[in-house]
Amino acid sequence: GTRTAAVSDNVTFTGNLGTFTTTVANTKTLTAAASVVNGKTINGDGNVAVTALDATAAADLSSITNTGTRTAAVSDDVTFTGNLGTFTTTVATTKTMTAAANVVAGKTVNKAGTGALAVQIAGADAAVDLTTIAGSALSTITVTDNVTFTGTLDDAVKTSVNGTKTLTIAAAKATGKTIDGAGNVSITALDATAAADLSSITNSGTRAAAVSENVTFTGDLGTFTTT
């Protein structure tokens, strides 16, 4: 039959929820480590505060759907590979949360002090809109593998390409963006964005741009070699 558990007062829970569906009462807060609530179903009108997210790097918080506040705390350096659900995450001062772009797209990640969110782009992140990463923690965006990127680069935080790796991107996606790093940048369809501005792309690897149709170009080629 059904298995339900009720939280009727503020509590820091350290036990095992098993396969129970837990309901948190209005105005009350269930505080628990990520290892305790990983994969669990929690609802209700109350609040859920997840601690030590860094200690459970693959935690799945997607089944926690309470309508009160949903907060998660990163208290140490971590490469997070799980699912943040609809939680607002805060990275402790001096600590860094590293995550693939597809893990944090559409999420809110804040920082305390000098906490930071380091976002990585590889093949699985090719279509991610980086501008949907909300909060104050985003500090670096790094291309860590060869990728043909069709998503949206961030406007405020530059993108760095690791050495020996190539970021392939249409001119329409790269115009006006700041891109650096030791890797390579390959711009496609320059003809489709005749006013493209590539002047803020300063990576130290190769910089190549391709024109595949007739075009009257009025933009800025920066230091690109155009074919």
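Quick caveat, the model's predicted, so the values are computed rather than measured. All residue numbers refer to positions in the sequence shown, counting from 1.
No side-chain donor-acceptor contact under 3.5 Å links D191 to the backbone of V211. In this structure a side-chain-to-backbone donor-acceptor pair under 3.5 Å is missing from T227 to A210. Without hydrogens or angle criteria, N10 side chain to T29 main chain gives a donor-acceptor distance under 3.5 Å. At distances below 3.5 Å, at least one donor-acceptor pair connects side-chain atoms of D154 with backbone N or O atoms of V157. Side-chain N or O atoms of T132 include one that pairs as donor or acceptor with a backbone N or O of D129 at under 3.5 Å.
Between the side chains of T114 and T94, no donor-acceptor pair of N or O atoms lies under 3.5 Å. In summary, the side chains of N102 and D125 do present a donor paired with an acceptor at a separation below 3.5 Å, with no hydrogens or angles considered. For the residue pair N43 and T23, a side-chain donor N or O sits within less than 3.5 Å of a side-chain acceptor on the partner. In the model, D180 has a side-chain atom that pairs as donor or acceptor with a side-chain atom of S160 under 3.5 Å.
Here CG of L61 is found 12.0 Å from OG1 of T65. Values are rounded to the nearest 0.5 Å. With rounding to the nearest 0.5 Å, the separation of OG1 in T22 from CG in L17 is 4.5 Å. Residue S200 holds its OG atom at 11.5 Å from NZ of K158, rounded to the nearest 0.5 Å. Taking OG1 of T71 as the start and CG of L53 as the end, the distance is 10.5 Å to the nearest 0.5 Å.
Under the 4.5 Å side-chain criterion, counting only non-hydrogen atoms from C-beta, L167 is in contact with V147. Proximity of V91 to N110: side-chain heavy atoms (C-beta onward) are nowhere separated by under 4.5 Å. At a threshold of 4.5 Å between non-hydrogen side-chain atoms, the residues I64 and N66 count as touching. Side-chain contact between K40 and N16: present, with at least one pair of heavy atoms (C-beta onward) separated by less than 4.5 Å. For the pair T98/D77, no side-chain contact is recorded, criterion being any heavy-atom separation below 4.5 Å from C-beta on. Proximity of T140 to V119: side-chain heavy atoms (C-beta onward) are nowhere separated by under 4.5 Å.
The side-chain contact (heavy atoms from CB on, under 4.5 Å) with I187 is formed by just one residue from the set I169, L221, T193; it is I169. Applying the side-chain contact (heavy atoms from CB on, under 4.5 Å) test between T166 and each of D145, N146, V143 identifies N146 as the sole match. D45 pairs in a side chain to side chain donor-acceptor pair (under 3.5 Å) with only one of the listed residues (N26, T67, T27), which is T67.
Salt bridge present: K177 and D155 bring a charged side-chain N and a carboxylate O closer than 4.0 Å.
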